[in-house]
Protein chains: 2
Amino acid sequence: MKSSAAPPPAGDELPVRGADQAVFRPIRGGNAFEETVERLLQALRLGVVAPGGRLPPGRELAPRLGVSRATLREAVATLQSAGYLESRRGRYGGTFVVAAPPAGARPGPARSRPPADLEDVLQFRLVLEAGAAEAAAARSLTRADREHLTGLLAGCTGAGPADYRRLDSRLHLAVAEVAGSPSLTTAVADVRTRVNELLDAIPLLPPNIEHSDRQHAAVVTAILAGDPEGARSGMAEHLAGTAALLRGFLT
Amino acid sequence: MKSSAAPPPAGDELPVRGADQAVFRPIRGGNAFEETVERLLQALRLGVVAPGGRLPPGRELAPRLGVSRATLREAVATLQSAGYLESRRGRYGGTFVVAAPPAGARPGPARSRPPADLEDVLQFRLVLEAGAAEAAAARSLTRADREHLTGLLAGCTGAGPADYRRLDSRLHLAVAEVAGSPSLTTAVADVRTRVNELLDAIPLLPPNIEHSDRQHAAVVTAILAGDPEGARSGMAEHLAGTAALLRGFLT
DNA sequence: CCGCAATGGACTCGTGCTGATCCCTTGACG
DNA sequence: CGTCAAGGGATCAGCACGAGTCCATTGCGG
């Protein structure tokens, strides 16, 4: 490193704090194929396409993802052999999300690693989601927005442990959606994906679910009532719950 | 298209709100070369490297950006011919930011386009930066953090119009830095870049500068005092100022 | 005065990815 | 029962880009 015995000279300009790590970060996340697999998995886990639902056709999806059909097909093939997707040919065919995801499928990398970025994710999520809740409550929502929220809230309430993570994520995503900033929605989707990866490492208990349900209801109520402060604090409280859980289990 | 007379069948699953536009977005921003140019410009405009300062050497920077040295060099060459950078060979050489940026350099694309995403950026920025200010105030800052903040605040106060945008950006970035979440810092840097592009289209008036200076001081004071609410509201107020300005000028 | 170290600059090769084109499969509809 | 539309599957040429290697330039230290 530049640490010990930086030669002598030339006036080192920047003490180089976090700022340039933020701007001199990797341009590409890596391999296009891997990135595509990640995106598809993100769509599944966040419940953007429901189990049994159909993905957009390759000829439409590939350009949207900015990859070639060949690359997209490779990614789909990978997820097929992993048991996540299923393709049917012919008209009205397509690529479908299998209703029952592979049981033992925890293809994540080495588990029980100490997530160095735990605090990073949690802090970032707090800022994004609490901000989204507040922003959503401050807007005048359309009828469709309201129904979207209440519908997802209802679907989430009382769901079983098998579906909870996905439905929960979908609801949180909906809060960001109605905040009216696509960039914010994207950011929430991403941070949610990162949080989900961590959550996969800890158990999901019925008491937690019940607790979450109540907090969800409180947040949605505040949003529908146009109460920004309430929505923000409700969401912050909700997030603090899982944050504590994660800190506890992941030490 | 699928528009008129969607045939009949097969149960359309998703009304497709904003969520899948968030997840089925492009994998790569495009061309690696263009992306690299953008990043370097971002570093300049956000003041991550000061005028006269030196960029990290190519052999170090290229891997950090995840591009080859060839691609990085192409990007640097472009910015050289555009008058932003200057390279010197030999030991203790390097690539330097020219002290006086090209006067007529406003290489942005067609000006006076109606920025459809204006509200998106402003909303997103509010969430990120107000959240960052609050988070920063809620942390126990190190001595270095405090000095970093006060130093940048001092540098910003009373700066001329020529430097103001850059120093202002650098200060806002510092607030995000001390919030302790690298992801948050990255997001703020990105949204700041987008805002700057819009700001380039409107004039920068001395009264605005003076106003901003006072608000900056208030925010930093609140952060140093450990007052999250004050920091958040101060930042929100500050951002509301530029937001109004932008909405006014860009109709 | 010589050599070394650190930087930018140029070249080559291998390959992952794109874009285009074609084929295969299936169901609806006349 | 034939045809067409809409989807997945496959193949191939071309190229952008990454990795590696060497050259050119500069200044410092001995």
Side-chain angles (χ1 to χ4, degrees), chain A residues 1-2 5-13 26-37 39-40 49 53-81 85-98, chain B residues 1-13 26-37 39-40 53-81 84-98:
Chain A
M1 308 314 178
K2 57 154 27 141
D12 52 327
E13 317 80 14
I27 300 272
R28 343 250 259 193
N31 196 276
F33 157 73
E34 290 170 10
E35 281 282 291
T36 306
V37 171
R39 278 302 174 75
L40 294 179
V49 291
R54 190 180 70 176
L55 265 62
R59 286 176 175 82
E60 170 189 336
L61 187 52
R64 279 180 66 181
L65 293 177
V67 300
S68 70
R69 272 189 68 208
T71 303
L72 174 59
R73 276 199 66 293
E74 260 187 283
V76 168
T78 299
L79 293 178
Q80 274 177 353
S81 62
L85 295 177
E86 215 175 23
S87 288
R88 288 202 296 274
R89 306 192 16 168
R91 194 173 186 182
Y92 304 110
T95 300
F96 297 82
V97 182
V98 306
Chain B
M1 305 312 177
K2 54 146 46 133
S3 57
S4 58
D12 51 331
E13 316 79 14
I27 300 272
R28 344 248 258 190
N31 195 280
F33 156 72
E34 290 170 11
E35 281 283 290
T36 306
V37 172
R39 279 301 176 75
L40 295 180
R54 190 180 70 174
L55 265 63
R59 285 175 177 81
E60 170 189 336
L61 186 53
R64 279 179 67 180
L65 292 176
V67 300
S68 70
R69 272 189 68 209
T71 303
L72 174 59
R73 273 199 20 63
E74 260 187 281
V76 167
T78 299
L79 292 178
Q80 274 177 353
S81 62
Y84 288 100
L85 296 177
E86 214 174 24
S87 289
R88 288 202 295 274
R89 306 189 18 166
R91 193 173 187 181
Y92 305 111
T95 301
F96 298 81
V97 182
V98 306

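Below, chain A is the first sequence line, B the second, and so on; all start at residue 1.
For Glu60(B), the salt bridge (charged side-chain N to carboxylate O under 4.0 Å, His left out) partners at least two apart in sequence or on another chain are Arg64(B). Not counting sequence neighbours, the partners of Arg59(A) by the side-chain contact (heavy atoms from CB on, under 4.5 Å) test are Arg69(A). Under the rule for a side-chain contact (heavy atoms from CB on, under 4.5 Å), the partners of Glu34(A) that lie at least two apart in sequence or sit in another chain are Asn31(A). Remark: Arg89(A) pairs with no residue by the side-chain contact (heavy atoms from CB on, under 4.5 Å) rule, at least two apart or across chains. Qualifying side chain to side chain donor-acceptor pair (under 3.5 Å) partners for Gln80(B), counting only residues two or more places apart in sequence or in other chains: Ser87(B).
Residue Thr95(B) places none of its side-chain N or O atoms closer than 4.0 Å to OP1 or OP2 of dT7(C).
Distance CD1 (Ile27(B)) to P (dC17(D)): 17 Å, rounded to an integer number of Å. Rounded to an integer number of Å, the gap from Arg59(B) CZ to dC23(D) C1' is 11 Å. Protein atom CD of Gln80(A) is 10 Å distant from nucleotide atom C1' of dG9(D), rounded to whole Å. To the nearest angstrom, C1' of dC22(D) lies 13 Å from CZ of Arg89(B). What separates CD of Glu60(B) from C1' of dG8(C) is a distance of 15 Å, to the nearest Å. If you measure from atom CZ of Arg28(A) to atom C1' of dA19(D), you get 15 Å, rounded to the nearest angstrom. Distance Glu35(B) CD to dC17(D) P: 11 Å, rounded to the nearest Å. Taking atom CG on Asn31(A) and atom P on dA19(D), their separation rounds to 12 Å, with Å as the unit.
The side chain of Phe33(A) sits closest to dC17(C) out of dC17(C), dG18(D), dG9(C). For Tyr92(B), counting side-chain heavy atoms from C-beta on, the closest listed nucleotide (dG27(D), dC22(D), dC17(C)) is dG27(D).
Distance CZ/Arg73(B) to OG1/Thr78(B): 10.5 Å, rounded to 0.5 Å. Interatomic distance, CG of Leu55(B) versus CG of Leu79(B), reported as 9.0 Å (0.5 Å rounding). Leu40(A) CG to Leu85(A) CG: the interatomic distance, rounded to the nearest 0.5 Å, is 6.5 Å.
Residue Pro63(B) comes nearest to Gly58(B) through the heavy atom pair CD-O, 4.0 Å, listed as atom of the first residue, atom of the second, then distance.
Residues from residues 67-76 of chain A lying near DNA chain D, meaning a heavy-atom separation below 4.0 Å, are Arg69(A), Arg73(A) in numerical order.
Using a 4.0 Å heavy-atom distance criterion, Gly66(B) is classed as a sugar-phosphate-only contact.
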Under 3.5 Å, N/O pairs linking protein and nucleotides 2-4 of chain C:
none

